[in-house]
Amino acid sequence: MALKSVFDSSVIRGEFDKAGINNRFIPLIWKYVIQNPDCNWEDIPSLPSSAYRLLRAKFKASTSVVHSVFESNDGVTTKLLIKLQNGAFVESVIMRYDSSLGKLNGKPRPGGPRSTLCVSSQVGCKMGCTFCATGTMGFKNNLSSGEIVEQLVHASRLSTIRNIVFMGMGEPLNNYSSLVDAIRVMTASPFQISPRKITVSTVGIIHAINKLHNDVPNLNLAVSLHAPVQDIRCQIMPAARAFPLEKLMNALREYQTKSQQKILIEYIMLDGVNDEEQHAHQLGKLLEAFQVVVNLIPFNPIGSLSQFITSTNQKVTRFQKILRDIYNIRTTVRKEMGQDISGACGQLVVNLPDKRSISNAAPLTDIEDIRRQ
């Protein structure tokens with residue numbers, strides 16, 4: 001039987017409970033492992049003897065390893081290719097920003113350099129979005145909560161992580177229990193990342209949205225909407241057939257009533273598909289009763305698999321202007337990071353790299369943190 005990740009919270013807590021070991025030791029174990037990646041269990045001080053026996057018998061300090069690290073040419077993006085215990089691979093991306101480069105109420109935002117980690121929740125994805133490289137892999141398997149948390153552990157050894165976005169490989173809400181367990185670990189000791197610094201992105205899994213706020217309150221919710229009407233959504237996102245737009249908007253309305261938080265609307269710009277002025281007006285009317293931030297995402301080509309063309313800058317600007325000026329909806333255009341290492345939005349698909357390139361550049365302004373807008 002394969003050993004479990006020590007960061008699989010529900011598993012280790014259950015085993016400690018059965019053995020009569022106090023759960024207060026678990027955060028101490030996690031902290032030691034984070035600081036000492038090559039440690040043996042006996043190296044951890046001051047645990048009960050029964051804890052050492054249990055750890056040796058059932059757990060590993062890490063069930064995954066960093067196979068390769070790629071640095072973008074501009075130096076602000078790092079992609080990690082991580083090999084799991086079952087031999088599969090997932091990707092995580094570190095994005096470096098500088099908060100002070102942004103504006104808040106017309107003034108420079110407080111803060112300074114920070115790193116956001118984009119994590120994966122599945123190997124592959126069931127959703128089959130036609131503009132996304134991960135969708136071409138098909139679905140392989142869910143990650144355990146420990147495998148999700150281990151992405152943060154690996155990344156933390158390269159950069160101080162302040163924000164987490166579940167926007168990597170997979171549909172997070174299709175791996176709901178592992179997602180919730182992982183977030184609870186990330187927000188507790190020793191990580192202590194504020195839930196307000198964690199964003200979960202979904203194509204719109206309605207039944208999971210309905211319970212997310214109760215299970216992990218104060219998160220940021222991002223919805224991959226990508227079209228203002230159901231027929232276009234179904235054309236570019238086949239899974240949308242199971243989540244009718246009207247029912248999705250009702251679920252978002254209920255979520256916003258409960259959470260009293262803005263919702264991030266992700267909208268990929270596909271030339272001639274969803275980027276015309278009529279689409280901007282349809283989107284504005286759909287969202288004008290909500291408190292949202294719309295993030296327009298330039299389409300990132302996925303090699304020969306691409307059936308779409310990126311919208312022109314002029315179209316993107318016009319789309320943004322309609323939402324801002326006519327519907328008073330805050331609308332940003334995502335600054336793409338990591339295209340040269342296939343680490344940008346929609347480009348995550350497992351390839352086995354054989355090189356590492358390193359460069360340095362100034363950090364970018366952070367657009368992921370929507371809670372302070």
Side-chain angles (χ1 to χ4, degrees), residues 2 4-5 7-11 62-68 79-94 116-155 164-186 198-209 211-212 215-216 219 221-224 226 236-243 266 268 300 302 305 342-352:
K4 297 289 187 180
S5 169
F7 294 99
D8 268 317
S9 174
S10 59
V11 177
S62 181
T63 59
S64 62
V65 296
V66 177
H67 178 277
S68 304
K79 184 170 75 171
L80 308 181
L81 181 65
I82 297 172
K83 186 176 183 179
L84 307 177
Q85 189 166 230
N86 67 358
F89 290 84
V90 293
E91 295 179 330
S92 305
V93 180
I94 302 170
T116 291
L117 177 66
C118 178
V119 301
S120 295
S121 55
Q122 297 177 313
V123 181
C125 185
K126 294 179 181 178
M127 297 296 99
C129 296
T130 54
F131 50 80
C132 179
T134 306
T136 66
M137 294 175 59
F139 174 71
K140 308 299 184 184
N141 61 267
N142 284 325
L143 300 188
S144 71
S145 62
E147 289 171 328
I148 295 173
V149 174
E150 284 179 16
Q151 294 173 67
L152 173 57
V153 175
H154 293 311
I164 305 285
V165 293
F166 283 84
M167 297 181 181
M169 297 168 64
E171 163 54 58
L173 296 190
N174 268 349
N175 189 12
Y176 191 82
S177 60
S178 291
L179 170 75
V180 170
D181 279 354
I183 290 172
R184 287 172 176 167
V185 172
M186 292 172 174
I198 298 176
T199 300
V200 174
S201 176
T202 177
V203 301
I205 312 298
I206 293 172
H207 65 273
I209 291 173
K211 57 183 179 178
L212 184 64
D215 289 338
V216 275
L219 295 176
L221 177 65
V223 179
S224 296
H226 301 317
I236 63 177
M237 305 168 66
R241 294 185 181 94
F243 309 106
E266 299 169 300
I268 195 162
N300 291 303
I302 48 177
L305 299 173
S342 294
C345 179
Q347 289 187 314
L348 296 189
V349 61
V350 169
N351 295 301
L352 298 186

Does the side chain of Q122 reach to within under 4.5 Å of the side chain of E171, using non-hydrogen atoms?
-> yes
Using distance alone, with no hydrogens and no angle criterion, decide if H154 and S64 have a side-chain donor and acceptor under 3.5 Å apart.
-> yes
What heavy-atom pair brings N175 and S121 nearest, and what distance separates the two atoms?
-> ND2-O, 2.9 Å
Test item: V119 and V165 side chains (from C-beta on) under 4.5 Å apart, heavy atoms = no
Side-chain heavy atoms of S5 within contact of E150, under 4.5 Å = yes
Quick one: do L117 and V93 satisfy side-chain contact (heavy atoms from CB on, under 4.5 Å)? Show the steps, please.
-> CA-CA 6 Å; L117 177 66; V93 180; over 6 Å; no
Pairwise side-chain contact, M237 with M127, heavy-atom cut-off 4.5 Å (strictly under) | no
Under 4.5 Å between any side-chain heavy atoms of C132 and C125, yes or no?
-> no
Within 45° of the axis and under 6.0 Å from the centre of the six-membered ring of Y176, does NZ or CZ of K211 qualify?
-> yes
Indicate the atoms forming the closest heavy-atom contact of C118 with G168, along with that distance.
-> SG-N, 3.3 Å
First locate atom CZ of F7, then atom OG of S62, and finally report the distance between them rounded to the nearest 0.5 Å.
-> 7.5 Å
Pair L173-I209, side-chain contact (heavy atoms from CB on, under 4.5 Å): steps then yes or no | CA-CA 8 Å; L173 296 190; I209 291 173; 3.8 Å; yes
After noting the C-alpha distance and the side-chain angles of M169 and E91, does the key distance pass the side-chain contact (heavy atoms from CB on, under 4.5 Å) rule?
-> CA-CA 7 Å; M169 297 168 64; E91 295 179 330; 4.2 Å; yes
CG/D181 to CG/D8 distance, rounded to the nearest 0.5 angstrom?
-> 8.0 Å
Closest non-hydrogen atoms of L179 and V200, given as atom of the first, atom of the second and distance, are CD2-CG1, 4.1 Å
Are the side chains of H67 and I82 in touch, meaning some heavy atoms are under 4.5 Å apart?
-> no
So, do F89 and L84 sit near enough that their side-chain heavy atoms are less than 4.5 Å apart?
-> no
Closest non-hydrogen atom pair, S145 against S9 = OG-N, 3.9 Å
In this structure, OG1 of T63 is separated from CG of L143 (nearest 0.5 Å) by 9.5 Å
Per side chain to side chain contact (heavy atoms under 4.5 Å, CB included), I164 is matched among T116, I148, L219, L152 by L152
To the nearest 0.5 Å, atom CZ of F166 lies from atom OG1 of T199 at 10.0 Å
Closest approach of M137 and V123, non-hydrogen atoms and distance?
-> CE-CG1, 4.3 Å
E147 and Q85: which non-hydrogen atoms are nearest, and at how many Å?
-> OE2-N, 4.5 Å
Euclidean distance, N142 CG relative to S178 OG, rounded to 0.5 Å = 6.5 Å
